[in-house]
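In this text, all values refer to a predicted model and were calculated from it rather than measured experimentally.
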Amino acid sequence: GHVTGVQTCALPIFDLVNQYDLEQDVNRVLAETRDCDLFINNSWAGQLEIADKWFKLHKNHPYTIVHVGSSITNSDTVTQIVARYPELADYIQSKIELNRLSALVNVSNSLARSICIKSGFVDTSFITAQKESIKEYFPNSTLIDDFLELKDRGALQTPDQIVQAL
(Lines give C-alpha, C1' and ligand atoms only; values in the text may rest on other atoms or scores of the structure.)
Protein backbone atom coordinates (compact mmCIF):
# COMPACT_ATOMS: atom_id res chain seq x y z
CA GLY A 1 0.00 0.00 0.00
CA HIS A 2 1.08 3.52 0.51
CA VAL A 3 2.43 5.11 3.66
CA THR A 4 -0.31 7.77 3.61
CA GLY A 5 -3.09 5.18 3.85
CA VAL A 6 -4.30 2.83 6.55
CA GLN A 7 -1.13 1.52 8.12
CA THR A 8 -0.61 0.96 11.84
CA CYS A 9 1.14 -2.42 12.04
CA ALA A 10 4.84 -3.29 11.90
CA LEU A 11 4.83 -4.98 8.49
CA PRO A 12 7.02 -4.66 5.43
CA ILE A 13 5.67 -1.73 3.45
CA PHE A 14 6.14 -1.22 -0.26
CA ASP A 15 5.77 2.43 -1.17
CA LEU A 16 7.42 5.20 -3.16
CA VAL A 17 8.86 6.40 0.16
CA ASN A 18 10.61 3.03 0.45
CA GLN A 19 11.76 3.06 -3.19
CA TYR A 20 8.92 0.93 -4.59
CA ASP A 21 6.75 2.10 -7.46
CA LEU A 22 3.80 -0.27 -7.34
CA GLU A 23 2.96 0.37 -10.98
CA GLN A 24 6.50 -0.68 -11.97
CA ASP A 25 7.59 -3.05 -9.18
CA VAL A 26 4.69 -5.52 -8.90
CA ASN A 27 6.90 -8.53 -9.71
CA ARG A 28 9.56 -7.34 -7.25
CA VAL A 29 7.01 -6.91 -4.45
CA LEU A 30 5.48 -10.33 -5.09
CA ALA A 31 8.92 -11.97 -5.18
CA GLU A 32 9.85 -10.38 -1.85
CA THR A 33 6.59 -11.52 -0.25
CA ARG A 34 6.41 -14.95 -1.89
CA ASP A 35 6.38 -16.80 1.45
CA CYS A 36 4.06 -14.43 3.31
CA ASP A 37 0.80 -16.15 4.17
CA LEU A 38 -0.96 -12.78 4.48
CA PHE A 39 -0.68 -9.95 1.96
CA ILE A 40 -2.44 -6.60 2.39
CA ASN A 41 -3.11 -4.91 -0.94
CA ASN A 42 -3.66 -1.23 -0.13
CA SER A 43 -2.65 0.59 -3.26
CA TRP A 44 -4.73 1.98 -6.05
CA ALA A 45 -1.74 2.16 -8.40
CA GLY A 46 -1.08 -1.41 -9.47
CA GLN A 47 -3.74 -2.88 -7.17
CA LEU A 48 -5.51 -4.90 -9.87
CA GLU A 49 -2.26 -6.22 -11.30
CA ILE A 50 -1.10 -7.18 -7.80
CA ALA A 51 -4.40 -9.00 -7.16
CA ASP A 52 -4.24 -10.94 -10.41
CA LYS A 53 -0.56 -11.90 -10.17
CA TRP A 54 -0.79 -12.70 -6.44
CA PHE A 55 -3.59 -15.18 -7.12
CA LYS A 56 -1.70 -16.87 -9.96
CA LEU A 57 1.36 -17.17 -7.71
CA HIS A 58 -0.50 -18.47 -4.64
CA LYS A 59 -3.51 -20.40 -5.93
CA ASN A 60 -1.99 -23.65 -4.61
CA HIS A 61 -1.10 -22.22 -1.19
CA PRO A 62 -3.35 -21.61 1.82
CA TYR A 63 -2.52 -17.91 1.80
CA THR A 64 -4.80 -14.90 2.13
CA ILE A 65 -4.79 -11.56 0.37
CA VAL A 66 -6.68 -8.65 1.92
CA HIS A 67 -7.63 -5.90 -0.51
CA VAL A 68 -8.49 -2.42 0.68
CA GLY A 69 -11.52 -1.70 -1.48
CA SER A 70 -14.11 1.01 -1.19
CA SER A 71 -17.65 1.14 0.13
CA ILE A 72 -18.47 3.41 -2.79
CA THR A 73 -18.88 0.22 -4.84
CA ASN A 74 -21.80 -0.82 -2.59
CA SER A 75 -23.74 2.23 -3.60
CA ASP A 76 -26.83 2.05 -5.77
CA THR A 77 -25.93 5.56 -6.83
CA VAL A 78 -22.55 4.91 -8.49
CA THR A 79 -23.80 6.57 -11.68
CA GLN A 80 -24.77 9.72 -9.78
CA ILE A 81 -21.47 9.72 -7.91
CA VAL A 82 -19.52 9.51 -11.17
CA ALA A 83 -21.70 12.27 -12.66
CA ARG A 84 -20.89 14.54 -9.71
CA TYR A 85 -17.22 13.52 -9.45
CA PRO A 86 -16.04 12.42 -12.91
CA GLU A 87 -12.49 12.36 -11.58
CA LEU A 88 -13.45 9.27 -9.55
CA ALA A 89 -14.64 7.20 -12.52
CA ASP A 90 -11.38 5.27 -12.99
CA TYR A 91 -11.00 4.79 -9.23
CA ILE A 92 -14.54 3.45 -8.86
CA GLN A 93 -14.20 1.15 -11.86
CA SER A 94 -10.94 -0.27 -10.51
CA LYS A 95 -12.52 -0.94 -7.10
CA ILE A 96 -15.49 -2.68 -8.76
CA GLU A 97 -13.05 -4.85 -10.70
CA LEU A 98 -11.14 -5.57 -7.49
CA ASN A 99 -14.37 -6.83 -5.88
CA ARG A 100 -14.95 -9.08 -8.88
CA LEU A 101 -11.42 -10.51 -8.80
CA SER A 102 -11.68 -11.11 -5.05
CA ALA A 103 -14.94 -13.00 -5.47
CA LEU A 104 -13.49 -15.11 -8.29
CA VAL A 105 -10.62 -16.24 -6.06
CA ASN A 106 -13.08 -17.40 -3.42
CA VAL A 107 -15.25 -19.43 -5.78
CA SER A 108 -12.30 -21.08 -7.50
CA ASN A 109 -10.89 -24.45 -6.49
CA SER A 110 -7.75 -22.80 -5.17
CA LEU A 111 -6.36 -22.97 -1.66
CA ALA A 112 -5.87 -19.19 -1.63
CA ARG A 113 -8.46 -16.88 -0.12
CA SER A 114 -9.30 -13.26 -0.78
CA ILE A 115 -10.91 -10.66 1.46
CA CYS A 116 -12.02 -7.26 0.24
CA ILE A 117 -12.46 -4.70 3.01
CA LYS A 118 -14.78 -1.86 2.08
CA SER A 119 -14.72 0.82 4.73
CA GLY A 120 -16.45 4.17 4.62
CA PHE A 121 -14.59 7.46 4.24
CA VAL A 122 -11.24 7.32 6.01
CA ASP A 123 -9.37 10.37 7.28
CA THR A 124 -5.94 9.91 5.69
CA SER A 125 -3.68 12.51 4.15
CA PHE A 126 -3.99 10.90 0.70
CA ILE A 127 -6.85 13.02 -0.65
CA THR A 128 -5.65 16.26 0.89
CA ALA A 129 -2.13 15.53 -0.41
CA GLN A 130 -3.65 15.27 -3.90
CA LYS A 131 -5.69 18.47 -3.45
CA GLU A 132 -3.69 20.66 -5.82
CA SER A 133 -3.46 18.08 -8.62
CA ILE A 134 -7.20 17.31 -8.38
CA LYS A 135 -8.02 21.02 -8.56
CA GLU A 136 -5.62 21.44 -11.49
CA TYR A 137 -7.04 18.57 -13.55
CA PHE A 138 -10.66 19.06 -12.47
CA PRO A 139 -11.06 22.77 -11.73
CA ASN A 140 -14.85 22.50 -11.32
CA SER A 141 -14.68 19.56 -8.91
CA THR A 142 -16.14 19.85 -5.42
CA LEU A 143 -14.49 16.60 -4.27
CA ILE A 144 -11.88 18.21 -2.01
CA ASP A 145 -14.33 20.69 -0.49
CA ASP A 146 -16.87 17.92 0.13
CA PHE A 147 -14.18 15.71 1.71
CA LEU A 148 -13.03 18.54 3.98
CA GLU A 149 -16.64 19.24 4.97
CA LEU A 150 -17.06 15.58 5.99
CA LYS A 151 -13.82 15.86 7.97
CA ASP A 152 -15.03 19.01 9.74
CA ARG A 153 -18.31 17.27 10.65
CA GLY A 154 -16.42 14.29 12.11
CA ALA A 155 -17.94 11.96 9.52
CA LEU A 156 -14.64 10.29 8.62
CA GLN A 157 -13.20 7.19 10.24
CA THR A 158 -9.60 7.16 11.45
CA PRO A 159 -7.18 4.44 10.32
CA ASP A 160 -7.13 3.17 13.92
CA GLN A 161 -10.92 2.77 13.89
CA ILE A 162 -10.67 0.70 10.72
CA VAL A 163 -7.98 -1.52 12.24
CA GLN A 164 -9.96 -1.96 15.48
CA ALA A 165 -13.05 -2.95 13.50
CA LEU A 166 -11.08 -5.72 11.80
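Within the 4.5 Å cutoff, side-chain heavy atoms of Leu101 are placed close to those of Glu97.
To the nearest 0.5 Å, atoms CG (Asn99) and OG (Ser94) are separated by 9.5 Å. In this structure, NZ in Lys95 is found 4.5 Å from OH in Tyr91, a value given to the nearest 0.5 Å. Here Ser108 contributes atom OG and Arg113 contributes atom CZ; the two are 6.0 Å apart, rounded to the nearest 0.5 Å. One finds the CG atom of Asn41 at 9.0 Å from the SG atom of Cys116 (value rounded to the nearest 0.5 Å). Here CD1 of Ile96 is found 11.0 Å from CG of Leu48. Values are rounded to the nearest 0.5 Å. Between atom CG of residue Asp37 and atom OG1 of residue Thr64 there is a gap of 7.5 Å, rounded to the nearest 0.5 Å.
Ile65 is connected to Phe55 through a chain of hydrophobic side-chain contacts under 4.5 Å among Ile, Leu, Val, Met, Phe, Trp and Tyr, so both are in one cluster. Using a 4.5 Å cut-off between side-chain heavy atoms of Ile, Leu, Val, Met, Phe, Trp and Tyr, with links allowed through other members, Leu148 and Leu88 fall into the same hydrophobic cluster. Hydrophobic clustering (side-chain heavy atoms under 4.5 Å, transitive across Ile, Leu, Val, Met, Phe, Trp, Tyr) keeps Leu57 apart from Leu104. Hydrophobic clustering places Phe39 together with Val26 (ILVMFWY residues linked when any side-chain heavy atoms are closer than 4.5 Å, directly or through intermediates). In the hydrophobic clustering of this structure, Val66 does not group with Leu111; members are Ile, Leu, Val, Met, Phe, Trp, Tyr whose side-chain heavy atoms approach within less than 4.5 Å, directly or through other members.
Ring geometry, His58 versus Trp54: the interplanar angle falls from 30° to 60°, so the pair is classed tilted.
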- Message: side chain to side chain contact (heavy atoms under 4.5 Å, CB included) for Ile50 and Val29? Distances and angles first, verdict last.
- Response: CA-CA 9 Å; Ile50 290 169; Val29 168; 5.6 Å; no
- Item | Test log, rule side chain to side chain contact (heavy atoms under 4.5 Å, CB included), inputs Val82 and Gln93 | CA-CA 10 Å; Val82 171; Gln93 187 56 46; over 6 Å; no
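Lys59 contributes no side-chain N or O that, together with a main-chain N or O of Asn109, makes up a donor-acceptor pair within less than 3.5 Å. No donor-acceptor distance shorter than 3.5 angstrom exists from the side chain of Gln47 to the backbone of His67, with no hydrogens or angles considered.
Asn106 and Ser114 make their closest contact through ND2-O, 2.6 Å (heavy atoms, listed as atom of the first residue, atom of the second, distance). Taking both residues in full, the closest heavy atoms of Ala51 and Leu98 are given as CB-CD1, 4.0 Å, listed atom of the first, atom of the second, then distance. What you find for Tyr85 and Thr142 is that their closest heavy atoms are CE2-OG1, 3.5 Å.
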